[in-house]
Amino acid sequence: MKIDTISCKPIAGQKPGTSGLRKKTRVFMEPGYLENFIQSVFNAIDGAQGKCFVVGGDGRYFNRQAIQKILKMAAANGAAKVIVGQNGLLSTPAASNLIRKYKTDGGLILSASHNPGGIDEDFGIKYNVPNGGPAPENITAAIYDQTCSLSEYKIADEPIIDLGSIGERKMGEMIVDVIDPVADYKALMASLFDFVHIRNLFAGGFTMVFDAMHAVTGPYAKAILEGALGAPEGTVINAIPSEDFGGGHPDPNPVWAKGLMDLMMSTNAPYLGAASDGDGDRNMIIGRNAYVTPSDSLAVLAANAHFAPAYREGLSGIARSMPTSAACDRVAAKMHIGCYETPTGWKFFGNLLDADKVTICGEESAGTGSNHVREKDGLWAVLLWLNILAERREPVKDILLDHWKHYGRDYYSRYDYEAIPAEDANKLVDDLRAQLDSLPGKSFAGLKVTKADEFSYNDPVDGSVSTGQGLRVWFEGDARVVFRLSGTGTEGATLRVYLEQYVDTHGNHTQDPQVALKGVVAAMLEMTDLGNRIGRTEPNVIT
Ligand code: G16
């Protein structure tokens with residue numbers, strides 16, 4: 001095998017964000033851009049010599065070309081074996097499972113998640129560590145350091161590998177094992193849930209629509225829902241992964257999955273609606289006339305997890321990202337189990353899961369998962385809901401109402417202000433940070449601030465500290481507003497404003513969340529002077 005050693009210069013801006021490196025696809029296609037980053041990953045983990053990796057992606061534009069380059073670089077860097085999904089496809093949770101199951105030295109997952117795909121849209125890549133989870137901050141920092149001083153990369157001068165058919169091939173001495181992307185994941189799901197009960201549910205006439213949003217979950221959902229569980233053909237829609245996600249935005253929320261949302265609010269609604277994102281780790285759950293916020297979904301899943309065989313013995317604890325609502329905290333308190341609040345980013349759950357401090361975790365950004373892998377898992381969440389529905393035999397809406405009757409309701413919404421010039425966004429956050437100490441006692445639009453701070457996280461397992469993780473302001477009457485700048489965008493800055501209002505067990509649980517949150521929104525707008533600062537008060541996306 002001929003190995004080329006190519007001289008290169010560091011490329012600025014290759015700093016992994018909330019979830020790996022995400023940039024415009026054309027940026028990744030620039031000569032050397034992907035190569036520099038991959039070599040930096042290998043260097044940061046003491047080389048690839050003799051190691052085994054999992055490689056796959058969500059099938060977006062440039063996925064296949066990127067995988068071929070990664071294979072050539074892995075071979076040139078001495079890797080012993082790479083496990084690749086057929087046609088280069090692997091959902092993020094399936095990749096996490098393979099890394100764990102085959103005890104590999106980690107994996108490279110190619111995806112920009114819920115961001116649109118195509119030559120003019122987004123691409124991304126992240127390195128997952130041997131526990132199957134996203135690289136923690138010390139490793140992403142080491143990767144970034146490498147990108148800042150890289151002077152050469154190695155690549156094999158070999159023909160491309162056929163990824164279209166299953167089987168082992170060789171590139172030089174390195175084995176390339178092209179596997180069925182679905183089989184291992186399907187077996188894992190069958191080991192966690194009561195497939196017989198869920199099959200009976202469908203056999204009894206239960207209906208659902210799963211919108212795969214033209215993304216990677218299509219083949220997984222088809223094989224599991226329509227195959228193993230006997231749901232009628234056509235239950236999974238938009239099931240064929242496409243390079244540009246059918247021209248859509250593969251983000252499972254009421255805005256981008258509007259067709260599904262409309263169906264679920266209509267008289268023709270099936271019993272359950274669900275969707276997942278580009279790489280299959282996010283999910284959305286909707287009952288007939290009942291949208292379930294991700295924060296509520298986490299709380300309901302935690303409270304009912306014992307209906308599924310894998311969680312019958314109970315949960316060791318629950319974790320949520322800081323901006324996620326406190327709904328799951330109330331469940332943890334009643335169960336007398338630990339509850340952890342982490343910064344945004346699934347990577348922060350890894351230590352808690354490895355140490356068995358928590359069994360279930362979730363985030364407001366449509367992510368829920370458990371200790372079965374080290375990523376959030378869209379289809380897993382749908383299957384756990386199905387398992388619960390198969391046992392409780394109640395509509396999703398009734399399950400929600402019952403939950404709020406026991407715990408109260410955390411009304412919740414997120415406002416996204418996208419494509420703000422980075423300078424303006426940073427100044428807004430800096431100014432707000434400077435005011436934090438003086439906010440308590442002040443009132444905005446009639447709401448009095450009780451407390452304000454900037455979140456920083458002390459990891460209880462390894463003692464690491466992560467500062468600057470979002471600004472929090474609490475108001476009288478159990479309300480909270482959180483401000484953060486997104487770490488996954490590729491254009492300007494996105495300001496995320498998370499709004500929350502708790503109503504106790506005796507309160508009104510059936511309001512429109514936007515009505516219930518009116519007072520908090522007014523206080524947020526007055527406090528930040530957002531209209532004058534960024535020239536608008538209306539967000540681009542409300543979820
Ligand atoms: C990633 C992370 C999540 C995070 C989300 C949004 O998800 O894994 O932990 O909540 O981004 O992050 P941000 O608010 O910084 O944009 P995904 O599905 O995009 O990989």
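Counting starts at 1 for both ligands and their atoms, following the listed order. Worth knowing before you read on, the calculation uses all heavy atoms, side chains too, and leaves out hydrogens, waters and symmetry mates.
Heavy-atom proximity to atom 5 (C) of ligand 1, evaluated over K376, H114, R282, is greatest for R282.
Short contacts between ligand 1 and R484, defined as distances under 4.0 Å to a heavy atom of the residue, involve ligand atoms 13 (P), 14 (O), 15 (O). Annotation for ligand 1: atoms under 4.0 Å from non-hydrogen atoms of S113 are 17 (P), 18 (O), 19 (O), 20 (O). Applying the 4.0 Å criterion to heavy atoms of G487 picks out, from ligand 1, the atoms 13 (P), 15 (O), 16 (O). In the vicinity of S365, heavy-atom distances shorter than 4.0 Å reach the ligand 1 atoms 4 (C), 5 (C), 10 (O).
Residues satisfying the side-chain hydrogen bond (donor to acceptor under 3.5 Å, both in side chains) criterion with D58, sequence neighbours excluded, are R60, S111.
Remark: ligand 1 and D279 share no N or O pair separated by less than 3.5 Å (distance only, no angle test). Of the N or O atoms in T344, none lie within a sub-3.5 Å distance of an N or O in ligand 1.
Looking at R22 against ligand 1, only its side chain comes within 4.0 Å, counting heavy atoms.
Cation-pi contact between K15 and Y144: present, with separation from the ring centre below 6.0 Å and deviation from the ring axis of at most 45°.
The CG atom of L428 lies 9.0 Å from the CG atom of D529; values are rounded to the nearest 0.5 Å.
For the pair E243/R64, a side-chain contact is recorded, criterion being any heavy-atom separation below 4.5 Å from C-beta on. Using a 4.5 Å heavy-atom threshold, the side chains of V396 and W385 count as touching.
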